[in-house]
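Following: one structure in structure tokens, then a few remarks.
The chains referred to below are lettered A, B, ... by the order of the sequence lines, with proteins before strands, and numbering in each begins at 1.
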2 protein chains.
Amino acid sequence: MPNDRADKILQLVNDAKKIDVTQLADKLHVSKVTIRKDLTKLEDKGLLQRKHGFALINNPNNLSYRLAQNYDTKLRIAQRAAQMVAVDETIMIESGSTCALLAAQLGKLDKHVTIITISYFIANFVERYPNLDVFLLGGKYQSDSQVVVGPMAKAALANFRVGQLFIGTDGFDPNTGFYGNDIMRTDIVQAMAQNAQALNILTDSSKFAAPSIIRSFTADRVHTVVTDSGIPQACSRVLQQSGVQLIQVDA
Amino acid sequence: MPNDRADKILQLVNDAKKIDVTQLADKLHVSKVTIRKDLTKLEDKGLLQRKHGFALINNPNNLSYRLAQNYDTKLRIAQRAAQMVAVDETIMIESGSTCALLAAQLGKLDKHVTIITISYFIANFVERYPNLDVFLLGGKYQSDSQVVVGPMAKAALANFRVGQLFIGTDGFDPNTGFYGNDIMRTDIVQAMAQNAQALNILTDSSKFAAPSIIRSFTADRVHTVVTDSGIPQACSRVLQQSGVQLIQVDA
DNA sequence: GCGATTTATTTACGAACGAAACCAATTGTG
DNA sequence: CACAATTGGTTTCGTTCGTAAATAAATCGC
């Protein structure tokens, strides 16, 4: 299946929440059989749900939804990031969609890694990989994003000190740094960063155009950014001036 | 749909892991259309999954699987237990299937309750009820049962002290008390009990016949047992002699 | 005890399904 | 350049799907 049709399908499904096979076949000028095959593959990737006659999107706000956007780019970023993790290392992972793919990649590579995370989605996402040990922080459960936050989660962090923390971002401003859009999640991520030697950000380049609400980190706090080649030059220049290791995977 | 056919379908699906509509219609002497309607309802309850042509059971060990056994009895037990919880109360809930239904009942009653649990399944199960606040303990994640266990989870308990704890059980022996079948889960449940004034057990009566491996609690530690009327008289006598409040819902 | 209503089931039918055979285009290899 | 192998797509076929209308059984009110 060509990637651009997959993207279009996801776009249409996301927009409509629910759309039937006939409509998709119509809009994309292919047969229904082809659409059905596409949908089966996308369902296998966990990007949507199929029902008899139509497809529907998983609860937005949910990671499954966010995963659907720029899936292939995120997958390549995650594959690259997985190389940064050593056998038997213990890492922290935040709740971003690209972070979830990183965890899955580590699972596929079949090297033993211990993961500490605030995301129950990620914990479940990697269920089938016995080489991954997962520790979850406790705290107030945000059911829409499937993460724990709040003072209890921060307190639980006291038990851990790791080499690397992997997070996503919701936005970036060349002058002021990285941003989040949920104050509780931003808060816990900042606390995680205090217990990690290296802060690594995984994000597709679209976030470098997007402004957001709450500043999470200034650029000089960040050790490595893994993104794709679509990042604006103004951003990449700032990052490198701030001493950030910038890794760009091919678009 | 008559309850007994529903039970038979679940039985057959559980035994076979996967069974097609034609076979079900054959064995239960009803039309395929009727089977399909039944399956749709059972899927809505979350007790199985439908695919094109057949039904399959959710990962055993998983709560969805255990929920499927004696569903109606468990629901009545949960409904009764829900009456024991006051508005704005904070309770602890362990990971049993009947406990999950209790949480859902509390959600439906639309009274505000704060729930502290070790079960990600329960946290997600009640996602749609805004009147429930859920706090999850942190710890090592057991992906098959979707709970957190271990020393970290026990340490997190230090922050909480509640009036009521609701748990399930895997077995009961009149002479020695209640039993579990997973040492890690039994361990964390015992720790939870130390931080709760009243220990309440929710279980269908089948468990009173079933022996299990690890003793969790002697009968006199238990405040209330909610079960159905199928409990052996020897057991009910012992419980009452031990000062347990025994509540039996109609079978 | 008996019509009225509800609930359970079946029959009938057009739409949707998965699997397999088939038909290009594209790619890689000698 | 030829010609296998791969990939993306369609057509066809027998089966399963959900819905609606028809029928049978159970329940209720009086």
Side-chain angles (χ1 to χ4, degrees), chain A residues 1-58 64 68 70-73 75-76 79 108 250-251, chain B residues 1-58 64 68 70-73 75-76 79 249-251:
Chain A
M1 153 175 56
N3 284 335
D4 63 330
R5 193 175 64 239
D7 285 341
K8 281 179 191 163
I9 290 177
L10 288 169
Q11 191 76 47
L12 288 164
V13 177
N14 282 346
D15 290 351
K17 314 268 183 201
K18 168 183 166 176
I19 188 166
D20 60 64
V21 174
T22 309
Q23 271 184 67
L24 283 172
D26 216 32
K27 295 200 181 183
L28 300 175
H29 309 293
V30 293
S31 74
K32 292 187 205 175
V33 179
T34 302
I35 293 293
R36 280 201 280 275
K37 282 184 183 176
D38 291 353
L39 291 180
T40 303
K41 284 178 193 164
L42 293 171
E43 186 182 37
D44 288 345
K45 284 186 187 172
L47 303 183
L48 49 75
Q49 283 183 36
R50 294 193 61 185
K51 293 278 166 184
H52 193 89
F54 54 90
L56 38 79
I57 193 65
N58 301 323
S64 303
N70 301 321
Y71 180 82
D72 289 299
T73 303
L75 185 60
R76 279 196 308 277
Q79 283 168 335
K108 280 189 190 140
D250 292 341
Chain B
M1 153 177 56
N3 283 336
D4 63 329
R5 193 176 62 239
D7 284 342
K8 282 179 190 163
I9 290 177
L10 288 170
Q11 192 75 47
L12 287 164
V13 177
N14 281 346
D15 290 351
K17 314 266 184 201
K18 167 181 168 177
I19 189 167
D20 61 64
V21 175
T22 310
Q23 271 184 67
L24 283 172
D26 217 31
K27 295 200 181 185
L28 300 175
H29 309 293
V30 293
S31 73
K32 293 188 203 175
V33 178
T34 302
I35 294 293
R36 282 197 207 101
K37 283 186 179 176
D38 291 352
L39 291 179
T40 303
K41 285 177 192 165
L42 292 171
E43 187 182 36
D44 288 346
K45 284 187 189 173
L47 303 183
L48 49 75
Q49 283 184 36
R50 295 193 62 186
K51 292 280 167 183
H52 193 87
F54 54 89
L56 38 78
I57 191 64
N58 301 323
S64 304
N70 301 321
Y71 180 82
D72 290 298
T73 302
L75 185 60
R76 280 196 308 279
Q79 283 168 336
V249 300
D250 292 339

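- Between B/Thr34 and C/dT9 there is no side-chain N or O to OP1 or OP2 distance below 4.0 Å.
- As judged by a 4.0 angstrom heavy-atom cut-off over every strand, A/Val33 is placed among the base-contacting residues.
- Of the residues near DNA chain C, B/Val30 and A/Phe54, the one whose nearest nucleotide (by heavy atom distance) lies more toward the 5' end is B/Val30.
- Minimum atom distance to the side chain of A/Lys32 is reached by C/dA16, of the listed D/dG18, C/dA16, D/dC17.
- Using a 4.0 Å heavy-atom distance criterion, B/Lys37 is classed as a base contact.
- Protein atom CG of A/Leu28 is 14 Å distant from nucleotide atom C1' of D/dG8, rounded to whole Å.
- Not one side-chain nitrogen or oxygen of B/Arg36 sits closer than 4.0 Å to the OP1 or OP2 atom of D/dT19.
- A straight line from CD1 of A/Ile19 to P of C/dA16 spans 13 Å, rounded to a whole angstrom.
- Between the CG atom of A/Asp20 and the P atom of C/dA15 there is a distance of 13 Å, given to the nearest Å.
- For the pair B/Thr34 (side chain) and B/Val30 (backbone), a donor-acceptor distance under 3.5 Å is absent.
- The two residues A/Ile57 and A/Leu47 make their nearest non-hydrogen contact at CD1-O, 3.4 Å.
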Just do the side chain to side chain contact (heavy atoms under 4.5 Å, CB included) check on A/Lys8 and A/Lys27 with the steps written out, would you?
-> CA-CA 10 Å; A/Lys8 281 179 191 163; A/Lys27 295 200 181 183; over 6 Å; no
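- Rounded to whole angstrom, the span from the CG atom of B/Asp38 across to the C1' atom of C/dA8 amounts to 10 Å.
- OP1 or OP2 of C/dA16 sits under 4.0 Å from a side-chain N or O of A/Thr22.
- Taking atom NZ on A/Lys41 and atom C1' on C/dG18, their separation rounds to 14 Å, with Å as the unit.
- Atom CD of B/Gln23 and atom P of D/dT15 are 16 Å apart (whole Å).
- Panel note: side chain B/Asp20, backbone B/Gln23; a donor-acceptor pair is recorded below 3.5 Å.
- Scanning both residues, A/Ile9 and A/Leu28, for their nearest heavy atoms gives CG1-CD1, 3.4 Å.
- In this structure, CG of A/Asn3 is placed 14 Å from P of D/dT7, rounded to the nearest angstrom.
- When the C1' atom of C/dA8 is taken as reference, atom CD1 of B/Ile9 falls 13 Å away, rounded to whole Å.
- Contact annotation: A/Arg50 side-chain N/O to C/dA16 OP1/OP2 distance is not under 4.0 Å.
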